[in-house]
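This report refers to the structure that appears directly beneath it.
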Amino acid sequence: MARARKRLAGAAGPGEPDPAAERRSLSAAHSPLRMGKALDKKGPEGKRTKTKNECEASAKVENSGLQETSEASEDCGKNLSRYWLMKSEPESRLEKGVDVKFSIEDLKAQPKQTTCWDGVRNYQARNFLRAMKLEEDAFFYHSNCRKPGIAGLMKIVKEAYPDHTQFEKNSPHYDPSSKEDNPKWSMVDVQFVRMMKRFIPLAELKTHHQAHRATGGPLKNMVLFTRQRLSVQPLTREEFDFILSLEEKEPS
DNA sequence: GCCAACGTTGGC
DNA sequence: GCCAACGTTGGC
């Protein structure tokens, strides 16, 4: 966002999590929570970002929970492709006097249609950012708005690096506990790929999720529903492909 | 380490 | 605007 808004990820407030909390989150495995996107710019880029990590690290972190391990281990070796869902608020909302709004239209309007995904302040979400690799696909999800749902597709164009907003006192995402020589929070850069052929509303995803819980369908464990509030979350390939297939169908 | 209070997320 | 879910804080 250019100013963005993002939602951040974490829930907690002021700030800074302690190591124990971090450990807990990591081990917990997963869950996604929420997130938001960010904003804007200040620097070269503006919005939120993601991170980078390697296979090993990422596989460990992530897998722990959310996805299946088997899948994860596979990834590590070869096809490491993973898919993501990242939340951002498309409607204006002030956070410490700063508008965190950042919609997919805002992303499209950025230079090179690229932004840094800043403002994530939740350990699980941060760890997912760190697990992201170049060229991976992510859904751009509109949250906390009149029409929540998946608006489009973007891809990771820069792996995780320190989120500069954690050091900026004026940022709504300033974290006084984070030190320059040991940054706590990360972001990645994302680039717009395309709008969904049709907007996929949260309600529709939920309907499928509920049906799939009974039938064993692809959305049965979708993190969007199993871990509320996670702003950066992983999707399996099956989840990703199923959601893309919804584009061709009539709204349900 | 437990756990109650607190604050945030985010759908409705 | 309400409020349920849930992560974080901080006393003990």
Side-chain angles (χ1 to χ4, degrees), chain A residues 1 4-39 47-48 61-62 64-66 84-104 106 117-130 138-151 163 165-166 171-178 184-186 199-210 213 219 221-235 243 251-252:
Chain A
M1 348 214 125
R5 107 159 340 310
K6 18 173 108 239
R7 250 177 171 310
L8 317 183
E16 30 179 310
D18 63 296
E22 181 163 4
R23 252 178 272 116
R24 250 178 275 124
S25 274
L26 294 174
S27 54
H30 25 23
S31 48
L33 288 197
R34 83 199 195 82
M35 126 63 279
K37 150 184 236 33
L39 350 165
K47 304 179 154 216
R48 303 164 163 217
V61 168
E62 297 192 14
S64 8
L66 308 170
W84 308 98
L85 181 150
M86 300 165 81
K87 300 180 183 177
S88 186
E89 300 186 35
E91 296 174 5
S92 289
R93 184 174 64 83
L94 297 183
E95 210 171 288
K96 298 186 183 170
V98 178
D99 190 354
V100 296
K101 165 187 185 298
F102 193 78
S103 69
I104 195 162
D106 293 319
W117 205 267
D118 64 316
V120 171
R121 295 292 182 273
N122 168 278
Y123 286 113
Q124 287 183 351
R126 181 203 68 180
N127 292 338
F128 288 129
L129 290 175
R130 292 181 176 182
F139 284 126
F140 191 118
Y141 179 89
H142 280 173
S143 71
N144 199 20
C145 58
R146 281 152 309 174
K147 289 185 39 192
I150 294 173
D163 178 345
T165 65
Q166 68 196 301
S171 169
H173 307 130
Y174 174 60
D175 182 354
S177 72
S178 185
K184 211 174 258 193
W185 306 110
S186 298
F199 181 83
I200 309 293
L202 172 64
E204 183 172 339
L205 293 169
K206 187 181 288 182
T207 297
H208 288 296
H209 168 247
Q210 290 174 339
R213 280 198 296 174
L219 300 193
N221 294 326
M222 191 177 179
V223 172
L224 189 61
F225 304 105
T226 60
R227 303 284 169 166
Q228 292 187 82
R229 291 145 121 251
L230 231 203
S231 64
V232 175
Q233 48 187 267
L235 276 75
I243 292 167
S252 41

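Every chain is numbered from 1, with letters handed out A, B, ... down the list of sequences.
Between K87(A) atom NZ and dT8(B) atom C1' there is a gap of 12 Å when expressed in whole angstrom units. To the nearest angstrom, P of dA5(C) lies 16 Å from CG of L224(A). When rounded to the nearest whole Å, the span between CD of Q124(A) and C1' of dT8(C) equals 13 Å. Atom CG in L85(A) sits about 17 Å away from atom P in dT9(B), given to the nearest Å. Look at CZ on R93(A): it is 10 Å from P on dT8(B), rounded to the nearest Å. Look at CG on D175(A): it is 14 Å from P on dT8(B), rounded to the nearest Å. Rounded to an integer number of Å, the gap from NZ of K96(A) to P of dG7(B) is 13 Å. Atom CG in N144(A) sits about 11 Å away from atom C1' in dC12(B), given to the nearest Å.
Comparing dT8(C), dG11(B), dA5(C) by their closest approach to the side chain of L202(A) singles out dG11(B). In this structure, of dC12(B), dT9(B), dT8(C), it is dC12(B) that holds the atom nearest to the side chain of K206(A). Side-chain atoms of Q228(A) lie closest to dC6(C) of the nucleotides dC6(C), dG11(B), dT9(B). With dG11(B), dT9(B), dG7(C) as the candidates, the nucleotide lying closest to the side chain of N122(A) is dG7(C).
If you check every strand for non-hydrogen atoms under 4.0 Å, Y141(A) touches sugar and phosphate atoms only.
Side chains of S178(A) and R121(A): a donor-acceptor N/O pair is absent below 3.5 angstrom, by distance only. At a cut-off of 3.5 Å, with distance as the only test, a side-chain donor of S92(A) or D99(A) sits close to an acceptor on the other residue.
For the pairing with L85(A), the side chain to side chain contact (heavy atoms under 4.5 Å, CB included) check across I243(A), V232(A), I150(A) returns one residue only, I150(A).
Listed by chain and residue number, Q210(A), F225(A) satisfy the side chain to side chain contact (heavy atoms under 4.5 Å, CB included) test with K206(A) (two or more places apart in sequence, or in another chain).
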